[in-house]
There are 2 protein chains.
Amino acid sequence: MTAGSPLVAALDHAGHRLTGPRRAIADLIAERGASTFTAADLVADVRSRRLGIGRATVFRAIDLLVAVGAVERVDLRTGEHAYVACVPAHHHHVICSRCARTVEIGDLGLGALARDVARRTGYRIDEHRLELHGLCPACQRAVALA
Amino acid sequence: MTAGSPLVAALDHAGHRLTGPRRAIADLIAERGASTFTAADLVADVRSRRLGIGRATVFRAIDLLVAVGAVERVDLRTGEHAYVACVPAHHHHVICSRCARTVEIGDLGLGALARDVARRTGYRIDEHRLELHGLCPACQRAVALA
DNA sequence: GGTCTTGTCGAGACTCAGTATCACTGCGCA
DNA sequence: TGCGCAGTGATACTGAGTCTCGACAAGACC
């Protein structure tokens with residue numbers, strides 16, 4: 001979980017130092033798996049586990065992980081900024097509005113769609129982002145039972 | 001520009017009072033046309049024109065316009081929240097990263113795509129959001145000349 | 001191992017968007 | 001005319017994120 005974390009590996013691969021705080025934050029993120037988390041969640045985690053890591057360092061580590069593509073920022077329906085650990089390849093997210101669990105989906109032909117939009121609008125499309133919000137299977141069951 | 005603004009009409013249609021501050025804010029937004037703006041932009045506008053409208057009122061008016069569907073929130077690449085005046089029908093935005101001008105595009109078959117994702121992931125998709133970022137024709141020319 | 005450079009660190013002050021509260025105003029309605 | 005209530009401005013507050021600065025530690029080099 002420590003040396004093997006793909007997040008740590010991504011930092012290493014990008015030529016960044018593998019310091020204690022960065023490893024600790026990468027581990028905390030890895031523990032969350034496919035669930036989204038906010039910067040505030042991480043800060044609270046760090047504090048509750050008494051890791052002795054400063055707030056600014058948490059923000060710096062997140063920025064770094066976003067920069068190397070190991071973490072991606074997503075916007076929740078509430079307007080909050082959240083993050084998810086993910087593979088660096090181009091993809092999109094399906095986000096559960098109830099438990100924040102995400103599933104990554106491939107490009108789904110959006111590249112072609114973006115080119116079509118570029119042709120029709122005259123815009124040069126540099127980036128596209130698709131976010132799907134809904135309920136994961138587990139939460140659908142939970143809601144049905146409630 | 002005052003009584004005829006579609007923003008004011010949308011408020012009226014939804015049964016909200018058409019007060020002075022609301023009209024003024026709707027006009028300010030209408031003036032921006034298809035450009036995105038942040039709440040801070042509006043607050044600065046209100047202040048510079050000495051309209052005597054409070055900050056809280058600006059936020060309340062934006063919330064109201066978002067609620068009636070006359071304004072939509074978009075997330076800029078910088079992570080900022082911005083807004084655009086738009087038609088209430090389901091659509092997506094192409095946003096210029098340089099001048100913030102937007103173009104609305106239709107659903108583009110994303111509904112079908114969302115259903116496909118739902119089938120594959122087991123998620124119940126309630127909402128989808130596509131944002132395309134790039135350069136509008138004018139900014140492409142400007143960049144080419146610079 | 002010792003030293004040096006430089007990136008990273010924690011602490012804490014700061015900024016700023018957005019929210020909450022509260023007393024006041026003015027419109028609609030009986 | 002009086003009442004109720006939505007809407008308002010002012011202001012305090014909250015919380016996310018940034019900035020600064022002195023201290024420290026990782027890694028390169030000898």
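Any value given below was found using the heavy atoms of this structure, including those in side chains, with hydrogens, waters and symmetry copies removed. The structure presented is a predicted model; accordingly, all values stated were derived computationally and were not measured. In what follows, chains carry the letters A, B, and so on, assigned in the order in which the sequence lines appear, proteins first and then strands, with residues in each chain numbered from 1.
Closest heavy-atom contact between A39(A) and V58(A): O-CG1, 4.4 Å. A82(A) and T36(A) make their closest contact through CB-CB, 4.1 Å (heavy atoms, listed as atom of the first residue, atom of the second, distance). Contact detail for G122(B) and Q140(A): the closest heavy-atom pair is O-NE2, 2.8 Å.
No side-chain heavy atom of E80(B) sits under 4.5 Å from any side-chain heavy atom of D75(B). Two residues are said to be in side-chain contact when any heavy atoms from C-beta on lie closer than 4.5 Å; T57(A) and R55(A) fail this criterion.
In this structure, the ring of H128(A) has its center no less than 6.0 angstrom from the ring center of H92(B).
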Trace of the side-chain contact (heavy atoms from CB on, under 4.5 Å) decision for D12(B) with R22(B) = CA-CA 11 Å; D12(B) 190 19; R22(B) 285 181 182 172; over 6 Å; no

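With sequence neighbours excluded, no residue forms a side-chain hydrogen bond (donor to acceptor under 3.5 Å, both in side chains) with D63(B). For H93(B), the side-chain hydrogen bond (donor to acceptor under 3.5 Å, both in side chains) criterion is met by H91(B), not counting sequence neighbours. Every residue meeting the side-chain hydrogen bond (donor to acceptor under 3.5 Å, both in side chains) condition with R120(A), not counting sequence neighbours, appears here in chain and number order: D116(A).
Scanning residues 58-75 of chain B for heavy-atom distances under 4.0 Å to DNA chain C yields F59(B), R60(B). Applying a 4.0 Å cut-off to non-hydrogen atoms, the residues of residues 35-57 of chain A that approach DNA chain C are G52(A), I53(A), G54(A), A56(A), T57(A), listed by residue number.
Nucleotides of DNA chain D that come within less than 4.0 Å of any heavy atom of chain A span, from the 5' end to the 3' end, dA16(D) to dA26(D).
In this structure, E80(A) places its CD atom 13 Å from P of dG18(C), rounding to the nearest Å.
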